[in-house]
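Remarks on the structure that follows.
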Amino acid sequence: MRKISEELNGVKTVGIAGHIRPDGDCVGSCMALRLYLEENFSQLQAVDVYLEEIPKSYHILQGTDRILTECGQDREYDLFIALDCGDMQRLGQAEKYFRSAKRTICYDHHISNTGYADENYIFADASSTAEVIYHVMEPEKISKAVAEAIYMGLVHDTGIFQYSCTSPETLEIAAELLRKGVNGGYITDTTFMEKTYVQNQILGRALLESILALDGTCIISAVKRKVMEFYGVKPADLEGIVGQLRLTKGVETALFLYELSNQEYKVSMRSKSIVDVSAIASYFGGGGHVRAAGCVMQGSYHDVINNLTKHIEKQMKAAREKEEQAKAAQE
């Protein structure tokens with residue numbers, strides 16, 4: 001993979017965007033790349049980041065006050081970079097700038113990425129897009145501000161370095177960032193662990209109303225629009241709920257749904273060691289990783305759950321049969 005400096009020949013304007021409903025890795029990656037470009041390449045006349053509204057806690061990163069949330073004006077960038085986004089449509093409003101740009105690049109770690117840019121650097125084994133972005137930079141040119149943004153991305157997509165996507169290289173990168181002066185504990189507490197009162201309320205309700213399925217191996221919870229309105233929460237306030245569900249003892253797969261509109265649900269899926277949730281998400285038009293993925297589905301709550309659990313059950317059955325065959329072969 002080439003360094004970002006090699007991609008800037010003749011480039012004066014750069015646009016950057018991540019996926020809709022941006023999470024910590026998306027925001028961290030976008031801000032890290034923007035700050036790095038601004039600090040090291042004075043020939044660039046504009047480096048703009050387009051994202052939907054981000055959680056207040058993410059504003060600890062330098063430059064987040066300059067994020068653009070609207071794409072009303074017509075722009076033609078010399079280079080447009082998509083980060084942490086599996087397909088062009090998930091860029092939201094910024095898709096039009098991606099389409100009109102003279103050249104496009106995509107950096108991502110989603111195995112379901114469709115390879116929609118002129119140049120695509122997709123590393124499914126990377127813990128996060130933040131990890132991918134780190135490798136296009138020259139380590140000695142990474143400032144503390146850039147390091148903080150990368151670190152936030154690592155923390156969020158690895159679940160504070162707990163998930164199976166965390167590799168020795170991931171931890172080595174984190175160590176290098178800490179040597180830049182990053183306060184890892186502060187970033188972790190402020191952007192990942194700390195919850196507002198209403199976030200804790202909605203988490204409590206989601207846990208209280210959760211159900212077990214498939215002989216206790218699947219846990220499911222959903223939040224309707226009227227409940228979100230009652231608590232005054234936005235989609236960003238629901239981050240972390242599916243991860244908490246996943247921690248339930250005996251559970252292999254966790255499903256969390258929230259209602260986008262009438263009979264339309266945003267689905268988040270997590271698994272521990274057997275179920276490939278990215279395959280299920282891709283089947284329903286979404287994407288993600290083997291152990292963490294999502295999609296948007298139409299239908300009633302029961303229709304959505306029935307469709308998802310059928311696919312989970314099929315994979316679980318196949319895994320059991322494979323295990324039985326292996327045991328029989330050993331005997």
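Since we're looking at a predicted model, the values are computed, not measured. Nothing fancy with the numbering, it's 1 onward along the sequence.
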- Message: Would the distance check show the side chain of Asp157 and the main-chain N or O of Asp25 forming a donor-acceptor pair, the cut-off being under 3.5 Å?
- Response: no
- Short N-O contact, Glu38 and Arg34, less than 4.0 angstrom: yes
- Is the backbone N or O of Ala101 less than 3.5 Å from a side-chain atom of Glu76, with the two atoms forming a donor-acceptor pair by type? no
- Query: Would you call Lys96-Asp74 a salt bridge at under 4.0 Å N-O?
  - Reply: yes
- Task: Please check if Phe123 and Leu171 belong to a single hydrophobic cluster, counting links between Ile, Leu, Val, Met, Phe, Trp and Tyr side chain heavy atoms closer than 4.5 Å.
- Result: yes
- Give a yes or no answer on whether the side chain of Lys144 reaches the backbone of Lys180 with a donor-acceptor pair at less than 3.5 Å. no
- Query: Does Ser167 use its side chain to pair, donor to acceptor, with the backbone of Thr170 at less than 3.5 Å?
  - Reply: yes
- Message: Strictly distance-based, threshold 3.5 Å: is any side-chain N or O of Glu176 a donor or acceptor partner for the main-chain N or O of Pro139?
- Response: no
- Task: Decide whether Tyr58 and Ile241 are clustered together by the hydrophobic rule: side chain heavy atoms of Ile, Leu, Val, Met, Phe, Trp, Tyr closer than 4.5 Å, transitively.
- Result: no
- Message: Glu209 vs Arg205, test: salt bridge (charged side-chain N to carboxylate O under 4.0 Å, His left out). Steps then yes/no.
- Response: CA-CA 6 Å; Glu209 297 181 356; Arg205 180 151 182 171; 3.0 Å; yes
- Query: Are Tyr116 and Phe98 near enough that their ring centres are under 6.0 Å apart?
  - Reply: yes
- Task: Consider only side-chain heavy atoms of I, L, V, M, F, W and Y, link residues closer than 4.5 Å, and tell whether Met1 and Tyr36 are in one cluster.
- Result: yes
- Using a 4.5 Å cut-off on heavy atoms from C-beta on, say whether the side chain of Ser112 contacts that of Ser282. yes
- Item | All side-chain hydrogen bond (donor to acceptor under 3.5 Å, both in side chains) counterparts of Gln244, not counting sequence neighbours | none
- Using atom types as modelled and distance alone, determine if a side-chain donor or acceptor of Thr248 lies under 3.5 Å from a backbone N or O of Val251. no
- Note on the structure: Sequence neighbours excluded, the answer for ring pair (Phe, Tyr, Trp, His ring centres under 6.0 Å) partners of Tyr50 is Tyr97
- Message: For Thr253, run the side-chain contact (heavy atoms from CB on, under 4.5 Å) check against Val275, Thr217, Leu214 and tell me which one passes.
- Response: Val275
- Message: Check this for me: does any side-chain nitrogen of one of Lys12 and Asp78 sit under 4.0 Å from a carboxylate oxygen of the other?
- Response: no
- CD1 of Ile105 to CD1 of Ile16: how many Å apart, nearest 0.5 Å? 10.5 Å
- Task: Indicate the ring-plane relationship of Tyr107 and Tyr121, choosing parallel, tilted or perpendicular according to the 30° and 60° boundaries.
- Result: parallel
- Please check if the distance between the ring centroids of Tyr163 and His289 is under 6.0 Å. no
- Message: Is the positively charged end of Arg75 above the ring of Tyr77, judged by distance under 6.0 angstrom from the centroid and angle within 45° of the axis?
- Response: yes
- Query: Is a salt bridge present between Lys141 and Glu39, judged by a nitrogen-to-oxygen distance below 4.0 Å?
  - Reply: no
- Query: Is the backbone of Asp303 close enough, under 3.5 Å, to the side chain of Asn306 for a donor and an acceptor to pair up by distance?
  - Reply: no
- Query: salt bridge (charged side-chain N to carboxylate O under 4.0 Å, His left out) between Lys195 and Asp237: does it pass, once the steps are laid out?
  - Reply: CA-CA 9 Å; Lys195 304 295 182 185; Asp237 295 314; over 6 Å; no
- Message: Pair Glu229, Arg225 - check salt bridge (charged side-chain N to carboxylate O under 4.0 Å, His left out), show working.
- Response: CA-CA 6 Å; Glu229 291 168 0; Arg225 272 192 307 162; 5.1 Å; no
- Message: For Phe256, run the side-chain contact (heavy atoms from CB on, under 4.5 Å) check against Ile220, Val223, Val267 and tell me which one passes.
- Response: Val223
- Item | Donor-acceptor contact below 3.5 Å, side chain Glu259 vs main chain Lys224 | no
- Item | Cluster overlap Leu245 with Met316, hydrophobic side-chain contacts below 4.5 Å | no
- Is any NZ, NE, NH1 or NH2 atom of the basic residue among Glu52 and Arg21 found under 4.0 Å from an Asp or Glu carboxylate oxygen of the other? no
- Exam field: side chain Thr196 to backbone Gln199, donor-acceptor pair closer than 3.5 Å: yes
- Side-chain ion pair, Glu95 and Arg99, N-O less than 4.0 Å: yes
- Message: Assess, by modelled atom type and distance only, whether the side chains of Thr191 and His156 contain a donor and an acceptor separated by less than 3.5 Å.
- Response: yes
- Exam field: side chain Arg291 to backbone Cys165, donor-acceptor pair closer than 3.5 Å: no
